[in-house]
Amino acid sequence: MDNVSVITVFTLSGLSDIANYRVILFVLTLLCYCVIWLVNLTIIVTVIVDKKLHEPMYIFLCNLCFNGLYGTAAFYPKFLYDLLSTTHVISYAGCLLQGFVLHSAVAADFSLLALMAYDRYVAICRPLVYHSLMTTQKIYIFVFFAWLIPFYLLLMSTITTATSRLCGSHIPRIYCVNWLIANLACSASVARIVIPAFNYTFYVGHVVFVFWSYVYLIKTCQSSKENWNKFMQTCVPHLFSLTVVVVSLLFDMLYMRFGSKEIAQNVENFMTMEFLLIPPIMNPLMYGLKLTKIRKRVLNFICGNTLEARENHHNHYYNQYFSH
């Protein structure tokens with residue numbers, strides 16, 4: 001009988017030595033997941049509710065935070081369940097779905113960050129045509145394709161993986177990724193090599209475009225103090241977010257392919273979930289703290305109208321004082 005017909009579940013590894021501190025890990029992981037929901041949902045609700053924030057940069061940011069919730073939803077609920085379970089398995093369909101969501105979330109991250117880089121490029125380098133290039137209709141089209149293209153590319157990759165004949169059922173990780181599932185295939189195929197290679201190349205192009213745009217922006221902004229202040233205010237959080245995502249993902253990919261087996265299991269687990277922990281928390285925090293409009297709206301929501309009233313009173317007094 002063909003092995004592919006009997007593989008209905010995959011076994012996951014990495015949680016066999018946690019019996020003594022299973023509850024502590026569960027509580028810490030649940031706390032991290034709650035923080036991820038809190039910070040991302042705060043940005044999303046703030047942008048949606050406040051019509052003054054219905055601008056391209058904040059719309060892209062809202063989608064970036066939503067993507068953070070989308071990607072982490074494929075990992076944390078299952079991981080929390082596994083922490084309290086004695087058997088760590090996942091169904092064949094569930095493994096493919098988890099791999100698809102994780103990969104498509106990473107790809108959508110790069111698409112949205114590329115859009116944000118383009119938005120900052122036009123806003124700073126071509127301000128006179130900004131409103132004609134970044135119309136509401138175009139923004140919706142950009143966002144639509146920023147989600148559609150990753151979904152399509154990763155769907156093709158997942159279908160290719162799903163049609164492979166598998167000769168194993170053990171995933172040497174705490175979650176499923178397409179590359180590890182594909183490694184269980186009985187034989188190699190051209191599609192299984194070409195499609196992932198195209199996807200990697202496509203999104204490496206996104207990263208190159210973003211860094212090139214920022215090199216150009218830095219050169220442009222050095223000649224104008226106003227543009228430099230705008231760059232520091234709006235572009236530094238974006239550049240930081242991109243760096244965090246790229247470094248976390250690159251570290252994970254390199255370790256997955258070339259990592260040493262001598263590393264302690266707990267350290268290995270942390271490295272494998274790094275990109276599911278640091279970017280989803282740091283992205284909304286960086287934008288929330290650095291972008292003035294976001295920060296003011298969030299503080300106003302938390303502290304009530306008192307903070308805004310005090311600030312308006314202070315600005316009014318300041319303007320009166322210097323008008324005389």
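Residues: numbered from 1 along the sequence shown.
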Colleague: Counting distance only, does the side-chain N/O of Thr29 pair as donor-acceptor with the main-chain N or O of Phe26 below 3.5 Å?
Modeller: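 Not a single qualifying donor-acceptor pair exists.
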Colleague: Is there a path of hydrophobic side-chain contacts, each under 4.5 Å between heavy atoms, that joins Val207 and Leu153?
Modeller: yes
Colleague: For Ile44, run the side chain to side chain contact (heavy atoms under 4.5 Å, CB included) check against Ile48, Val47, Thr42, Thr46 and tell me which one passes.
Modeller: Ile48
Colleague: From the options Ile181, Leu166, Val9, select the one residue that forms a side chain to side chain contact (heavy atoms under 4.5 Å, CB included) with Tyr92.
Modeller: Leu166
Colleague: Please answer: with hydrophobic residues joined when any side-chain heavy atoms are less than 4.5 Å apart, are Tyr130 and Met57 in the same cluster?
Modeller: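 Yes, Tyr130 connects to Met57 through the hydrophobic network.
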Colleague: Supply the members, apart from Ile193, of the Ile/Leu/Val/Met/Phe/Trp/Tyr cluster built from side-chain contacts under 4.5 Å; use none for a lone residue.
Modeller: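 Members alongside Ile193: none; it stands by itself.
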Colleague: Parallel, tilted or perpendicular: which describes the rings of Trp212 and Tyr121, with under 30° parallel and over 60° perpendicular?
Modeller: tilted
Colleague: What do you reckon, are the aromatic ring centroids of His206 and Phe202 less than 6.0 Å apart?
Modeller: yes
Colleague: Would you mind telling me which of Leu180, Asp82, Leu276 makes a side chain to side chain contact (heavy atoms under 4.5 Å, CB included) with Tyr175?
Modeller: Leu276
Colleague: Within the side chain of Ser85, is there an N or O that forms a donor-acceptor pair under 3.5 Å with the backbone of Tyr81?
Modeller: no
Colleague: Could you check if a side-chain atom of Ile159 sits within less than 4.5 angstrom of a side-chain atom of Leu155, using non-hydrogen atoms only?
Modeller: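 Ile159 reaches Leu155 side chain to side chain.
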Colleague: Report yes or no: do Val247 and Leu102 belong to one cluster of Ile/Leu/Val/Met/Phe/Trp/Tyr joined by side chain heavy-atom distances under 4.5 Å?
Modeller: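 No, Val247 does not connect to Leu102 through the hydrophobic network.
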Colleague: For the residue pair Tyr70 / Ser104, report whether a side-chain donor-acceptor contact shorter than 3.5 Å exists.
Modeller: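 Present: a donor and an acceptor within the cut-off.
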Colleague: Other hydrophobic cluster members with Val208, side-chain heavy atoms of Ile/Leu/Val/Met/Phe/Trp/Tyr under 4.5 Å, chained?
Modeller: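 Via sub-4.5 Å side-chain contacts, Val208 links to Val204.
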Colleague: Any idea how Phe142 and Tyr118 line up, ring-wise: parallel (<30°), tilted (30 to 60°), or perpendicular (>60°)?
Modeller: perpendicular
Colleague: Should Leu30 and Leu83 be counted in the same cluster of Ile, Leu, Val, Met, Phe, Trp and Tyr side chains packed under 4.5 Å apart?
Modeller: yes
Colleague: Is it the case that the side chain of Thr11 and the backbone of Val89 share a donor-acceptor pair, with hydrogens and angles ignored and the cut-off at 3.5 Å?
Modeller: no
Colleague: Do Val143 and Trp147 make a side-chain contact, defined as non-hydrogen atoms from C-beta onward lying under 4.5 Å apart?
Modeller: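 Answer yes - side chains close enough.
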Colleague: Between Ser157 and Phe100, is there a side-chain heavy-atom distance shorter than 4.5 Å?
Modeller: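 No; the side chains remain at least 4.5 Å from each other.
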